[in-house]
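Quick one: this structure, given as structure tokens, is what I'll be asking you about.
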Protein chains: 2
Amino acid sequence: MTGQVRTVDGRVAGRRGQATRQKLLDCLSEMLSTSPYRDVKVIDVARMAGTSPATFYQYFPDVEGAVLELADEMAKEGAGLTELVAGRSWVGKSGAAAADELVDGFLSFWRKNDAILRVIDLGAAEGDKRFSRIRTKILTAVTGSLTESIKELQGKGRVDKDVSAPAIAGSLVTMLAGVAAHQKGFTGSGVKQADLKPNLALLVHLGVTGKKPPK
Amino acid sequence: MTGQVRTVDGRVAGRRGQATRQKLLDCLSEMLSTSPYRDVKVIDVARMAGTSPATFYQYFPDVEGAVLELADEMAKEGAGLTELVAGRSWVGKSGAAAADELVDGFLSFWRKNDAILRVIDLGAAEGDKRFSRIRTKILTAVTGSLTESIKELQGKGRVDKDVSAPAIAGSLVTMLAGVAAHQKGFTGSGVKQADLKPNLALLVHLGVTGKKPPK
DNA sequence: CGGTAAACTGACGGCATGACAGGACAAGTT
DNA sequence: AACTTGTCCTGTCATGCCGTCAGTTTACCG
């Protein structure tokens with residue numbers, strides 16, 4: 001599928017080359033989680049990796065390009081999020097459990113990768129197609145499965161036919177992403193940390209099934 | 001309340017000074033909506049305003065500082081969002097209408113100011129307290145009122161006591177903000193534009209009242 | 001008209017960017 | 001071991017933006 005790793009000027013990268021490339025990506029990743037995106041400079045990343053800016057530009061066209069690589073790596077890992085939803089029953093008590101675990105899994109994934117994810121979010125919001133595509137790819141892992149679940153419930157007559165399954169699924173996932181990204185903002189305005197997850201799960205359950213979960 | 005407008009070196013700004021200051025802010029605002037945040041340079045803003053970079057630095061410490069000013073302007077305007085919720089009844093048909101209008105008003109506010117809002121979002125997500133505070137200030141206009149509405153319903157026994165009103169309100173508003181910011185991402189993945197608002201309104205209604213709106 | 005404070009600018013050292021050519025290195029060949 | 005080959009890295013350079021200062025122009029007031 002993906003061809004070999006290549007440098008900007010078209011050479012194929014060997015073992016050593018791939019190692020430095022990866023090191024640069026790692027350092028960029030750390031940089032992103034410690035400094036504002038706007039202040040991340042090529043020279044700092046290169047210094048941290050014990051190399052020179054020129055080396056950086058051999059493997060990536062610019063900072064954005066490198067971020068997209070990081071995002072791609074993460075998107076692959078994010079494909080596993082599908083399992084949080086696929087094949088789950090949303091009826092009765094197992095429905096409540098499904099909501100709980102979806103919220104939990106999603107939040108921890110987001111938190112683990114928050115630095116890159118917020119850059120992707122920004123790029124996508126700015127209308128950059130490359131970022132939008134990756135963002136969709138990551139979220140589709142969840143929204144897709146969730147859409148299926150809702151459609152299934154509609155098929156059984158448990159959910160109104162006139163709701164749009166993809167719209168609901170997308171909105172709920174966006175909510176989870178937003179809350180994960182601004183978690184600090186919540187605790188700062190009168191929401192107890194412990195209250196967050198159960199109430200999110202409640203909202204997810206309500207959205208998917210249209211009903212409150214059983215006690 | 002707010003003292004006079006001051007330059008970085010402490011002078012008070014006169015008529016002419018305030019005019020150029022405002023012009024710089026306007027140009028910055030336009031710049032933000034046409035270029036990626038990372039590429040917005042002081043020199044471009046200054047050029048667009050027909051002045052020099054040095055002038056920019058007389059009124060703002062850096063680009064971030066100027067963005068915070070823009071955000072402050074917008075926060076004042078955003079205070080009007082309270083009226084989308086305050087004093088509304090969430091019972092019966094008027095509940096459905098309240099949800100509709102909240103979604104509508106919120107989305108159009110967000111869309112009108114999306115350039116600055118996504119920068120604020122980024123700053124807040126990166127943990128910058130100044131951005132977090134402004135973001136909270138804007139959102140509080142809605143979450144606060146919404147929290148009150150939910151608490152009121154809880155008082156009347158129409159909503160379970162064990163849900164956290166602020167957590168629900170915050171999550172719903174975050175959902176609205178997220179959807180507004182990534183609206184294009186939705187339509188790009190199988191959600192019809194026209195389906196979005198009604199389904200969001202449904203989710204809001206469900207979240208606030210715990211019940212589906214009447215037909 | 002003269003004085004004072006405000007408003008602006010030119011110019012400068014410093015740093016990031018992005019390109020190139022050439023040197024260092026690993027691995028295999030003779 | 002010396003040589004060869006292709007990969008990998010860096011020194012260096014031109015360019016352009018950043019952020020600051022000293023100094024000039026403009027507006028206001030007695």
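So that the names make sense, note that chain A is the first sequence line, chain B the second, and so on, each numbered from 1.
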**Message:** Taking the basic N atoms (NZ, or NE/NH1/NH2) and the acidic carboxylate oxygens, is any pair closer than 4.0 Å for A/E64 and B/R38?
**Reply:** no
**Asked** Hey, can you pull the residues of residues 33-44 of chain B with a non-hydrogen atom under 4.0 angstrom from DNA chain D?
**Response** B/K41, B/V42, B/I43
**Message:** Using 0.5 Å steps for rounding, measure from the NZ atom of A/K184 to the OG atom of A/S189.
**Reply:** 14.0 Å
**Request:** Write down the distance between CG (B/D62) and C1' (D/dG19), rounded to a whole number of angstrom.
**Result:**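 That distance rounds to 10 Å.
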If you restrict it to nitrogen or oxygen atoms, what contacts under 3.5 Å exist between nucleotides 9-13 of chain C and the protein, and what is each distance?
from, atom 1, to, atom 2, distance (Å)
C/dT9, OP2, B/T51, OG1, 2.7
C/dT9, OP2, B/S52, N, 3.3
C/dT9, OP2, B/T55, OG1, 3.2

Below 3.5 Å is the cut-off: list the nitrogen or oxygen pairs between protein and nucleotides 24-29 of chain D, distance only.
from, atom 1, to, atom 2, distance (Å)
D/dC28, OP1, B/R15, NH2, 2.5

**Asked** What's the spacing between A/D104 CG and A/F109 CZ if we round to 0.5 Å?
**Response**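 Going from the CG atom of A/D104 to the CZ atom of A/F109 covers 14.5 Å.
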**Request:** Nearest 0.5 Å please: distance from the CG atom of A/L25 over to the OG1 atom of A/T20.
**Result:**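 It is 10.0 Å, given to the nearest 0.5 Å.
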**Request:** Write out all pairs satisfying ring pair (Phe, Tyr, Trp, His ring centres under 6.0 Å) with one or both partners inside residues 35-56 of chain A, taking only residues at least two apart or from two chains.
**Result:**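 Applying ring pair (Phe, Tyr, Trp, His ring centres under 6.0 Å) to every pair that reaches into residues 35-56 of chain A, excluding sequence neighbours, yields A/F56-A/F60.
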Without placing hydrogens or testing angles, list every side-chain donor-acceptor pair under 3.5 Å for residues 110-117 of chain B, not counting sequence neighbours.
from, atom 1, to, atom 2, distance (Å)
B/R111, NE, B/Q183, OE1, 3.3
B/K112, NZ, B/E77, OE2, 3.1

**Asked** Please give, in whole Å, the distance from D/dT20 C1' to B/Y59 OH?
**Response**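 So the two atoms are 16 Å apart, to the nearest Å.
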**Request:** Starting from C1' on D/dT10, measure out to CZ on A/F56 and report it in whole angstrom.
**Result:** 16 Å
**Request:** Rounded off to whole Å, could you give me the CZ-to-P distance for the A/R21 and D/dC9 pair?
**Result:**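 The answer, rounded to whole Å, is 12 Å.
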**Request:** Please list, chain by chain and in numerical order, all residues satisfying side chain to side chain contact (heavy atoms under 4.5 Å, CB included) with B/K151, sequence neighbours excluded.
**Result:**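 With sequence neighbours excluded, B/K151 shows a side chain to side chain contact (heavy atoms under 4.5 Å, CB included) to B/T147, B/Q154, B/A165, given in chain and number order.
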**Item:** Step-by-step salt bridge (charged side-chain N to carboxylate O under 4.0 Å, His left out) determination, A/D44 to A/R47
**Value:** CA-CA 5 Å; A/D44 296 322; A/R47 255 200 290 262; 3.5 Å; yes
**Request:** Give the rounded distance in Å between these two atoms: CZ of A/R47 and P of D/dT10.
**Result:**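 From A/R47 CZ to D/dT10 P: 13 Å.
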**Prompt:** Within the structure, does a side-chain N or O atom of B/T20 lie under 4.0 Å from either OP1 or OP2 of C/dC8?
**Reply:** yes
**Message:** Below the 4.0 Å mark, does D/dG19 have OP1 or OP2 next to a side-chain nitrogen or oxygen of B/Y57?
**Reply:** yes
**Message:** Rounded to the nearest 0.5 Å, what separates atom CD1 in B/I120 from atom CG in B/L68?
**Reply:** 8.0 Å
**Request:** Indicate yes or no: at least one non-hydrogen side-chain atom of B/F186 is less than 4.5 angstrom from one of A/S171.
**Result:** yes
**Rounded distance [0.5 Å steps], CG in A/L102 versus CD in A/E83** = 13.0 Å
